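Below you'll find the structure, written out as structure tokens, and then a few comments.
Heavy atoms only: backbone and side chains are in, while hydrogens, waters and symmetry mates are out. Note that the coordinates shown come from a computational prediction; the quantities given were computed from them, not determined experimentally.
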Amino acid sequence: MKLLLFFALCSLLKYADAQCYSGASPILCSDASCGGSCTSDNGCYCNDGIDECVPDSGLCPMEDNSCCAALSKWYWDGTLHCCTETVECSPSCYSDEVCNKESAVCNCNASTYAGNTPQDLAPTVSCDGGVMIASVSQCKLEEIGYDYESFHLIDSSAACTFTYNDTIKNLRERSIQVKAAIGWCGNINSRDSSKIYFTNTLHISPFSGPLITKNPIVFNFTCIYNLTMQTSLNFSLNPILSSVVIPSPGAGLGYFTVTMSAYSDSQFTVPIESDQDIYVGSDIYVGIFSEDLDADSFSLRLEKCYATPSQDLSTPNVQLISGGCAANNGVVTKVIKNGDGSEARFQTSAFLFTNYPEVYLFCEVAICNKSSSCGACTSGRSGKAAASGVGVTLSFQDKSYDPNGSGHHTVSPWTMLAASLLGLFVKIF
């Protein structure tokens with residue numbers, strides 16, 4: 001108890017000695033003749049935008065010594081919320097740093113990593129949201145003689161070097177971002193029946209000098225993702241898909257992205273590539289999803305899907321889905337998932353219109369309130385007015401199409417091609 005009291009008294013004595021700046025030149029931001037404010041981008045200025053001022057009364061959103069920049073050898077005190085002559089590092093130093101009382105700058109604490117070697121380096125790896133992030137303590141790198149500014153991946157081009165400073169567990173870290181996608185900046189990828197694996201390599205060079213006494217650090221890091229309809233698209237070089245950004249249901253709720261993609265398997269995990277041959281009569285699996293949609297409040301419903309021989313919607317068409325259910329109007333179609341989450345799925349067969357080389361798939365999608373019966377078959381829903389309209393389509397093309405032939409291509413190879421955006425209608429019920 002006595003020891004705690006001693007620390008408390010020291011603290012009180014410290015702040016008793018500290019004196020807040022109260023001078024008139026430069027003026028205090030709170031002075032009526034100044035009416036100043038402070039911003040992280042511009043610093044502290046009076047309302048004329050010209051005269052620099054000194055913050056008080058907590059007018060320091062960045063909480064660092066740049067708030068007192070108009071004064072010489074004054075420092076921001078985060079407890080008193082003003083500028084004082086007491087040397088302070090503000091913001092506070094990280095757990096592996098110490099405050100230099102001469103310059104009010106945080107420096108690495110050499111004792112924290114004393115005796116460490118490159119073998120003690122253990123980068124932190126994050127695998128959130130389709131982005132891999134590798135992070136290393138800047139002070140640890142400095143102590144063992146390595147330059148955190150030298151970070152690079154397998155592909156060391158400038159386009160692949162997304163580095164930035166970060167804070168992890170009260171340590172100043174250097175991080176580099178890697179998109180979890182096939183072929184991205186040298187990614188090495190593999191997959192099994194349920195997982196996708198992406199691996200890259202972080203290279204860190206020692207500080208340069210007259211002698212070379214250290215080898216570069218080479219650290220392989222891997223992120224593992226569950227194989228889903230969405231993540232499988234990252235594993236494909238040229239997946240067949242179309243995406244569009246549309247307004248969210250309700251005013252002022254922002255936007256979300258709807259994507260339509262095609263797969264060759266019933267698990268919706270093997271995307272069809274743009275140069276892949278498929279055949280008339282073969283099964284095609286179409287998925288529509290929105291990763292941005294709040295699945296706790298809304299569901300995605302396929303209202304209607306149909307096929308046309310061109311992008312002109314006035315041309316003949318074949319209904320595949322009507323009122324949320326399979327139309328089976330000459331083309332066998334099965335609705336697999338609809339109206340009960342952020343994605344919808346259906347299965348259909350590859351076909352051609354006689355004397356036309358292409359087939360375009362077009363879908364109308366509804367956004368339902370979660371409380372409504374969104375997955376039921378009904379023709380009544382389709383008559384409701386559209387709240388907004390934008391769109392996605394997919395197209396098929398028969399590479400061996402012969403305009404002078406019979407138009408029947410029961411064994412001809414097809415290629416599926418991404419088409420231009422047509423119309424995706426959003427409705428609320």
Please determine if Glu343 and Lys337 form a salt bridge, counting it only when a charged side-chain N lies under 4.0 Å from a carboxylate O. no

- Could you tell me whether the side chain of Asp283 and the main chain of Ser264 form a donor-acceptor pair under 3.5 Å? no

Exercise for the section: In a single word, yes or no, tell whether Cys67 and Cys44 have an SG-SG distance below 2.5 angstrom. Expected result: no

Criterion side chain to side chain donor-acceptor pair (under 3.5 Å) on Ser205 and Asp147, from CA distance to verdict: CA-CA 6 Å; Ser205 301; Asp147 182 8; over 6 Å; no

What do you reckon, Cys29 and Cys38 SGs under 2.5 Å? no

Self-check item: Distance-only donor-acceptor check, side chains Asn109 and Asp96, under 3.5 Å
Solution: no

query = Should Tyr197 and Asn189 be marked as a side chain to side chain donor-acceptor pair (under 3.5 Å) after you check the CA-CA gap, both sets of side-chain angles, and the distance that decides it?
reply = CA-CA 5 Å; Tyr197 305 84; Asn189 52 274; over 6 Å; no

key: Glu88 and Asn65: CA distance, side-chain angles, deciding distance, side chain to side chain donor-acceptor pair (under 3.5 Å) verdict   = CA-CA 8 Å; Glu88 291 289 338; Asn65 287 330; over 6 Å; no

Could you check whether the SG atoms of Cys82 and Cys20 sit less than 2.5 Å apart, since that is the cutoff I want to apply? yes

If we only count heavy atoms from C-beta on, is the Ile133 to Val178 side-chain gap below 4.5 Å? no

- Decide if the gap between the ring center of Trp184 and the ring center of Phe162 is smaller than 6.0 angstrom. yes

Give a yes or no on whether the backbone of Pro26 and the side-chain of Tyr21 come within a donor-acceptor separation of less than 3.5 Å. yes

* Asked: Between the side chain of Ser232 and the main-chain N/O of Thr228, is any donor-acceptor distance below 3.5 Å?
  -> yes

For Tyr148, the ring pair (Phe, Tyr, Trp, His ring centres under 6.0 Å) test, sequence neighbours excluded, returns none

Should Thr222 and Met132 count as side-chain neighbours, where that means a heavy-atom distance under 4.5 Å?
no

Does Ser236 reach the side chain of Glu273, with side-chain heavy atoms less than 4.5 Å apart? yes

| Side-chain (Thr161) to main-chain (Ser157) donor-acceptor, under 3.5 angstrom | yes

| query | Given side chains that start at C-beta, do those of Arg191 and Val270 come closer than 4.5 Å, heavy atoms only? | reply | yes

With sequence neighbours left out, the residues meeting side chain to side chain contact (heavy atoms under 4.5 Å, CB included) with Asn215 are none

Would you confirm whether Asn42, through its side chain, and Tyr45, through its main-chain N or O, come within 3.5 Å as a donor-acceptor pair? no

Review point. Ser290 side chain to Thr257 main-chain N or O, any donor-acceptor pair under 3.5 Å?
Key: yes

Rounding to 0.5 Å, atoms CD1 (Ile168) and CG (Leu171) come to a distance of 8.5 Å

Would you say Ser137's side chain and Lys140's backbone share a donor-acceptor pair under 3.5 angstrom?
yes

Check the angle between the aromatic planes of Tyr306 and Phe362 and answer parallel, tilted or perpendicular using the 30° and 60° thresholds. tilted

Handout entry: Full working for side chain to side chain donor-acceptor pair (under 3.5 Å) between Tyr263 and Thr269
Key = CA-CA 7 Å; Tyr263 305 82; Thr269 58; over 6 Å; no

>> If we ignore hydrogens and angles and just use 3.5 Å, is the side chain of Asn338 paired with the main-chain N or O of Leu302 as donor and acceptor?
In response: yes

Per side-chain hydrogen bond (donor to acceptor under 3.5 Å, both in side chains), Asn165 is matched among Arg174, Arg172, Glu173 by Arg174

Would you tabulate the side-chain donor-acceptor contacts of residues 120-127 under 3.5 Å, counting partners in other chains and residues two or more places apart, or write 'none'?
residue: Asp120; atom: OD2; partner: Thr117; partner atom: N; Å: 2.8
residue: Asp120; atom: OD2; partner: Thr117; partner atom: OG1; Å: 3.4
residue: Ser126; atom: OG; partner: Asp128; partner atom: OD2; Å: 3.3

Practice problem: Decide, based on the SG atoms alone, whether Cys106 and Cys93 are under 2.5 Å apart. | Solution: yes

- Message: Looking at Ile154, is its backbone amide N or carbonyl O close enough to the side chain of Asn200 to form a donor-acceptor pair, meaning the two atoms are under 3.5 Å apart?
- Response: yes

Review point. Can any side-chain N or O of Arg301 pair as donor or acceptor with the backbone N or O of Cys374 at less than 3.5 Å?
Key: yes

Ile27 and Cys46 have their tightest heavy-atom pair at CG2-SG, 3.7 Å

